[in-house]
Amino acid sequence: MKPLFSVFPTLLLTLACAFPALADKSNNMLDYASTKDIRDINPHLYSGEMAAQNMVFESLVLNTEKGVAPYLAERWDISPDGKSYTFFLRHDVTFSDGEPFNAKAVKLNIEAVLDNYERHAWLELVRQIDSVEIVDEFTVKLNLKNPYYPTLTELGLTRPFRFISPNSFINGKTKTGVANYVGTGPWVLTEHKKDQYAEFKVNPNYWGEKPVLNGVMWRVIPDRQTMLLSLQKGDIQLIFGADGDMLDMDSFEALMASDKFKTEMSAPIASRAIVLNSSRAMTSSPKVRQALQYAVDKEGIAQGILAGSEKVADTLMARSVPYCDFTSPTYVYQPTKAIELLEAEGWVLPKGKAIREKQGEKLELLLSYNVNNAVEKEIAELIQDDFKKVGVGLTILGEEKQAYLDRQKNGDFDLQYSLSWGTPYDPASFVSSFRIPAHADYQGQKGLANKAQLDAMIGELLITPNEARRQELYKTLFTSLAEQAVYIPLTYSRTKAIHRSELENVGFNPSQYEIPFEKMRFKP
């Protein structure tokens, strides 16, 4: 079943001709639409929209397509033992409230993150930081407990190691909230009306190259059909989203044919998958999990739902991901193989019935997904149909995001839709989170006999200075998960954008969660 707005491509294109071609750009403000409010964009917490946090707050280093680059730190030195990083800060940076950005501000911010250790422990760097030293006004030293190879990459993530003005701290802390959102970034949040809009203006004192746009109006439009119609009319100029957050492929393709709009698509950036809960009664059996792997028509998802825009994923991590270029077990679509495995496990199909049974119990499973995602429902319905062909019942449950996350935390699911975090999080930060109970990956793996060994393996691969050993451990980890069929890889996802043709320089950052508004401009 297609999402509601995807059944109206002809209507949408007709409306595009009826509405004014261009919005009034006299104020040089970009109108961007999202289904979500920006919420609390405290950069040291996780409830805010990452794209908004990225606009206001900056980090010591920047993750780019070519690797880690200088940002608020002009350069850095790494000690021979890999346990100390000395950062030499820019001298020309201030927070947008006029507070100087210096070594004192860096130390305060990093220590504020460490003060909320339990919340941030999913990120190995938080576990590894031993102390922060002020060397001089513009030099700061980060001391680690062990050499940690992703240190620079994780310092450049959208959160939590971004810097907020010390004046924004509440009682010297940030973990329970901040007084306001003051960063060093190219944008300043000037107005926010919850669930309506957020207005960002250019930071007049920005140390770097200022955006061409005067500002960005972040408009909250929960209904995707309304959002698309707003794009048609010119009330908004940009829709941007990762993994179906904002767009489905039917809408994307429908607008590709019009010269009033342009569509953009990133390189493959993350992995779509279904995680199987190894601690649940039905999916605790490796043979059942393997059978479910063989039952899914991944090509049907790639072509029928994603219109060939994404390639089928044979492995959880693409071989282009660092440390993942090796051969591991794969499962191709073979319904007969799925049936063989189920019957070998004692799940038989009684005459005249559609669902397999074993000792009077039906093979019925629960798949939960985020109802606010534009493609997850379609994927779930296709999998439901695939499972039906091999005698497996699948109940699909769409829930609001918080309910979905709550179910994820307590493990109350047989299957759950999963998306890896993509560049630059994969694989190190992603596998680090496997050890945190609030994550679906932990819940999916916790029933495995070797779960403790897998967690220990992750702990070692993250801090070993031996490159060959690290590669060996990554291979062993992902091979074990593949052999035990914990994940059903689906496709390698791509971030998508639709914008009006008068808006130029729409592109992508390495992270799927960031939107490079600062590079965009309207045609003269």
Side-chain angles (χ1 to χ4, degrees), residues 25-32 34 37-45 48-64 69-74 87 89-106 108-109 112 137-138 155-169 174 178-193 197-219 237-238 240 503-507 509 511 513-522:
K25 308 190 301 296
S26 59
N27 60 4
N28 198 31
M29 289 279 292
L30 169 63
D31 285 285
Y32 161 72
S34 172
D37 183 64
I38 65 167
R39 303 187 303 280
D40 175 10
I41 61 170
N42 177 355
H44 298 167
L45 295 179
E49 280 299 293
M50 294 173 73
Q53 290 172 316
N54 186 62
M55 296 172 73
V56 176
F57 305 105
E58 297 179 312
S59 49
L60 290 173
V61 298
L62 185 67
N63 289 308
T64 74
Y71 205 20
L72 292 178
E74 291 183 314
F87 295 94
L89 309 179
R90 299 186 62 91
H91 292 201
D92 57 347
V93 180
T94 60
F95 291 95
S96 60
D97 62 357
E99 182 74 10
F101 174 78
N102 52 27
K104 180 182 177 182
V106 171
L108 283 171
N109 271 263
E137 185 179 4
F138 293 105
L155 285 173
L157 299 179
T158 309
R159 55 195 186 196
F161 290 109
R162 298 238 171 166
F163 299 98
I164 187 169
S165 171
N167 297 327
S168 301
F169 284 39
T174 59
V178 293
N180 44 44
Y181 305 120
V182 177
T184 63
W187 306 99
V188 177
L189 177 62
T190 54
E191 186 177 3
H192 177 210
K193 289 196 174 182
Y197 65 85
E199 181 185 68
F200 297 86
K201 294 285 187 67
V202 170
N203 180 355
N205 300 314
Y206 185 53
W207 61 270
E209 183 178 352
K210 290 184 177 64
V212 177
L213 297 169
N214 290 337
V216 175
M217 184 66 77
W218 179 303
R219 300 193 182 277
Q237 294 92 44
L238 173 68
F240 190 108
L503 183 66
E504 298 183 318
N505 290 0
V506 177
N509 280 357
S511 169
Y513 306 110
E514 299 174 359
I515 305 175
F517 292 112
E518 67 281 359
K519 299 176 185 176
M520 300 178 194
R521 66 181 184 183
F522 288 110

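- Rounding to the nearest 0.5 angstrom, the gap separating the CG atom in L189 from the CH2 atom in W218 is 10.5 Å.
- Separation of atoms CG (N505) and CZ (R521) is listed at 5.0 Å; rounding is to 0.5 Å.
- Side chain of N203 to backbone of G185: a donor-acceptor contact under 3.5 angstrom is found.
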* Could you walk me through whether Y181 and H192 pass side-chain contact (heavy atoms from CB on, under 4.5 Å), step by step? => CA-CA 11 Å; Y181 305 120; H192 177 210; 5.6 Å; no
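- Smallest separation of non-hydrogen atoms from F517 and L238: CE2-CD2, 3.9 Å.
- The two residues S165 and E99 have their closest heavy-atom pair at OG-CB, 3.7 Å.
- The closest donor-acceptor contact from the side chain of N42 to the backbone of T174 lies under 3.5 Å.
- For K104, the NZ atom sits in a loose shell: 12 or fewer heavy atoms of surrounding residues, nucleotides or ligands are nearer than 6.0 Å.
- I38 and A198 make their closest contact through CD1-CB, 3.7 Å (heavy atoms, listed as atom of the first residue, atom of the second, distance).
- Inter-residue side-chain proximity for Y206 and P186 is flagged as met; some heavy-atom pair is nearer than 4.5 Å.
- A donor-acceptor contact shorter than 3.5 Å is absent between the side chain of N54 and the backbone of I515.
- Considering CD of E137 and CG of N102, their distance stands at 5.5 Å, rounded to 0.5 Å.
- The shortest distance between side-chain heavy atoms of M55 and E518 does not fall below 4.5 Å.
- The minimum heavy-atom distance linking L155 with F87 is given by the pair CD1-CZ, 3.5 Å.
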* To do: In sequence, state the C-alpha distance, the side-chain angles, and the governing distance for V178 and H44, and then conclude on side-chain contact (heavy atoms from CB on, under 4.5 Å).
  => CA-CA 10 Å; V178 293; H44 298 167; over 6 Å; no
* To do: Evaluate side-chain contact (heavy atoms from CB on, under 4.5 Å) for I164 paired with N180, printing each intermediate quantity in order.
  => CA-CA 9 Å; I164 187 169; N180 44 44; 5.7 Å; no
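- The closest donor-acceptor contact from the side chain of S96 to the backbone of V182 lies at 3.5 Å or more, if one exists at all.
- Panel note: side chain Q237, backbone D31; a donor-acceptor pair is recorded below 3.5 Å.
- Pairing each heavy atom of E514 with each of N509, the nearest pair is OE1-ND2, 2.9 Å.
- Partner of F200 under the side-chain contact (heavy atoms from CB on, under 4.5 Å) criterion, chosen from N214, V56, V188, L30: V56.
- Relative orientation of the F95 and F101 rings is perpendicular, given thresholds of 30° and 60° on the angle between their planes.
- Separating the CE atom in M520 from the OH atom in Y32 is a distance of 9.0 Å, to the nearest 0.5 Å.
- Residue F57 forms a side-chain contact (heavy atoms from CB on, under 4.5 Å) with just one option from T184, N109, T158, I41, and that option is I41.
- For the residue pair G156 and S59, the shortest heavy atom distance occurs at CA-OG, 3.8 Å.
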* To do: Output, in order, the C-alpha distance, side-chain angles, deciding distance and verdict of side-chain contact (heavy atoms from CB on, under 4.5 Å) for W187 and L213.
  => CA-CA 10 Å; W187 306 99; L213 297 169; 4.1 Å; yes
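- With rounding to the nearest 0.5 angstrom, the CD atom of E58 is 7.5 Å from the CZ atom of R162.
- Atom CD of E191 sits in a crowded spot, with more than 12 heavy atoms from other residues, nucleotides or ligands closer than 6.0 Å.
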